[in-house]
Amino acid sequence: MSGLPGSLADFGPAALAAVVVAGYLVVGEPLVGHVLHRRFEGRLRTDPGARRSFYVRLLILEWGLSLLALVVWLSAPGVDAGQVGLRWPQEWPGPVTGLVVLLVLAFVVVSTRALRGGALLEAAEPVRKAGEGRHAEPAAHATLALLPRTARERRLFTVVGVTAGVCEEWLYRGFFLAVVAAVAGGLPTGLLVVVAAVAFGLAHAYQGWVGIVTTGLLGGVMAALYLQTGSLLLPVLLHAAIDLRFLLVPSRVLPTGRAAVA
């Protein structure tokens with residue numbers, strides 16, 4: 001699939017704003033995500049509403065960024081809806097991309113079964129000793145803390161999962177790749193996939209190196225799926241399914257945080 005903007009001039013008076021927003025996604029979002037997550041960790045041990053509060057902040061941040069990117073795009077006279085993926089799929093994914101997507105779906109099914117069986121309890125958070133910093137938890141444990149436990153948290157997490165599918169695909173595939181293509185001019189599809197993977201992985205830096213690599217690979221798959229179909233629809237559905245699978249995990253098999261002991 002081709003048809004991405006070929007020049008930054010296509011963005012017209014919105015060119016500078018487009019570059020700034022795209023740059024924030026690569027540089028600013030990892031920093032903001034790190035700060036927000038560490039603050040969330042600090043509140044989680046003492047505030048029963050910390051998880052819901054964090055979900056709300058995520059929703060405000062993602063929808064705010066998405067609306068900002070939408071305004072920038074609407075101000076770009078030479079970039080139509082198809083060039084940012086806002087249309088129905090134009091063709092099916094190629095055989096390689098299709099196979100990778102099937103593997104991702106298989107991973108979703110297998111991992112969900114493992115999670116429901118209590119696999120996360122093996123990664124339960126270790127007891128912190130007195131004198132350790134309040135952010136001493138490994139990144140993997142901090143990520144597990146995001147998963148919903150109560151009925152209210154699960155309802156809000158449903159909105160978060162759908163929001164991630166819609167907003168992050170719009171931001172990191174539709175909008176971001178349009179700006180990258182416009183700035184670089186004529187980058188091959190393979191390089192666009194790599195750039196999208198790196199940007200998306202860095203956005204999840206708070207999850208540590210494993211999280212960066214994992215989400216980066218998934219971001220690359222989403223980018224390939226988008227670029228081959230010409231639409232954000234399939235990436236949005238796949239992304240939302242990956243996040244929402246956690247709703248199938250019972251609270252009883254999720255590890256619980258423990259307070260520091262002497």
Side-chain angles (χ1 to χ4, degrees), residues 1 4 18-37 58-59 61-66 68-70 72-73 83-86 93 96-97 100-101 103-105 107-108 111 139-140 142-143 146 160-184 187-246:
M1 193 281 296
L4 293 174
V19 172
V20 169
V21 174
Y24 170 82
L25 293 175
V26 177
V27 179
E29 187 64 14
L31 296 175
V32 171
H34 177 81
V35 171
L36 287 179
H37 201 92
L58 286 179
L59 291 172
L61 178 61
E62 295 214 345
W63 282 110
L65 280 173
S66 296
L68 176 60
L70 184 64
V72 172
W73 166 63
Q83 291 177 300
V84 290
L86 300 181
V96 175
T97 301
V100 173
V101 171
L103 291 175
V104 170
L105 290 173
F107 163 77
V108 170
S111 64
T143 304
L146 286 174
V160 171
V162 173
T163 292
V166 174
C167 294
E168 292 180 10
E169 291 308 311
W170 158 243
L171 288 169
Y172 283 93
R173 257 63 73 181
F175 179 81
F176 178 72
L177 286 181
V179 177
V180 171
V183 171
L187 277 183
T189 299
L191 278 180
L192 287 173
V193 169
V194 171
V195 171
V198 171
F200 196 61
L202 289 176
H204 295 80
Y206 66 88
Q207 297 180 11
W209 284 107
V210 173
I212 291 175
V213 173
T214 302
T215 56
L217 290 174
L218 287 174
V221 172
M222 304 295 184
L225 186 59
Y226 160 55
L227 292 172
Q228 289 194 1
T229 63
S231 169
L232 292 174
L233 179 60
L234 294 182
V236 165
L237 294 177
L238 181 59
H239 192 150
I242 291 173
D243 286 1
L244 292 176
R245 79 188 194 278
F246 291 114

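- For A205 against P30, the heavy-atom pair with the smallest separation is CB-CB, 4.5 Å.
- Using a 4.5 Å cut-off on side-chain heavy atoms (C-beta onward), L146 and H37 make contact.
- Note that CG of L237 and CD1 of I242 are 11.0 Å apart. Values are rounded to the nearest 0.5 Å.
- Using a 4.5 Å heavy-atom cutoff, the side chains of H34 and E29 are not in contact.
- T214 places no side-chain N or O within 3.5 Å of a backbone atom of G211 that could act as its donor or acceptor partner.
- Side-chain atoms of W63 never come within 3.5 Å of backbone atoms of C167 as a donor-acceptor pair (strictly under, hydrogens ignored).
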Original post:
So V27 and L202, side-chain contact (heavy atoms from CB on, under 4.5 Å) or not? Walk me through it.
Top reply: CA-CA 8 Å; V27 179; L202 289 176; over 6 Å; no
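- Atom CD of residue E168 and atom NE2 of residue H204 lie 5.0 Å apart, to the nearest 0.5 angstrom.
- Rounded to the nearest 0.5 Å, atoms CH2 (W73) and OG (S66) are 13.5 Å apart.
- For the atom pair OG1 of T215 and CE of M222, the computed distance is 10.5 Å after rounding to the nearest 0.5 Å.
- Counted by atom type alone, Q228 and T97 present one or more donor-acceptor pairs between their side chains at under 3.5 Å.
- With rounding to the nearest 0.5 angstrom, the CZ atom of F175 is 10.0 Å from the CG atom of L70.
- Looking only at side-chain heavy atoms (C-beta outward), V193 and V221 stay at 4.5 Å or farther from each other.
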**OP:** Show the numbers, then the answer: is there a side-chain contact (heavy atoms from CB on, under 4.5 Å) between Y206 and V35?
**Re:** CA-CA 9 Å; Y206 66 88; V35 171; over 6 Å; no
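- Under the side chain to side chain contact (heavy atoms under 4.5 Å, CB included) test applied with V72, the options V21, V179, V19 reduce to a single match, V21.
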**OP:** Under the side-chain contact (heavy atoms from CB on, under 4.5 Å) rule, what do L36 and L61 come out as? Steps first, then yes or no, please.
**Re:** CA-CA 11 Å; L36 287 179; L61 178 61; 4.1 Å; yes
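- Between atom CG of residue L4 and atom CD of residue Q83 there is a gap of 7.5 Å, rounded to the nearest 0.5 Å.
- Judged by distance alone, the side chain of T229 and the main-chain N or O of L225 form a donor-acceptor pair under 3.5 Å.
- Every residue two or more places apart in sequence or in another chain that forms a ring pair (Phe, Tyr, Trp, His ring centres under 6.0 Å) with Y172 is listed here: F200.
- Y226 and E169 share no donor-acceptor pair across their side chains, judged by distance under 3.5 Å alone.
- Shown here for E62 and L171, the closest heavy-atom pair between the two residues is O-CD1, 4.3 Å.
- Just one of V236, L244, D243 meets the side chain to side chain contact (heavy atoms under 4.5 Å, CB included) condition when paired with V162; it is L244.
- Across L232 and G174, no two heavy atoms sit closer than the pair CD2-N, 3.6 Å.
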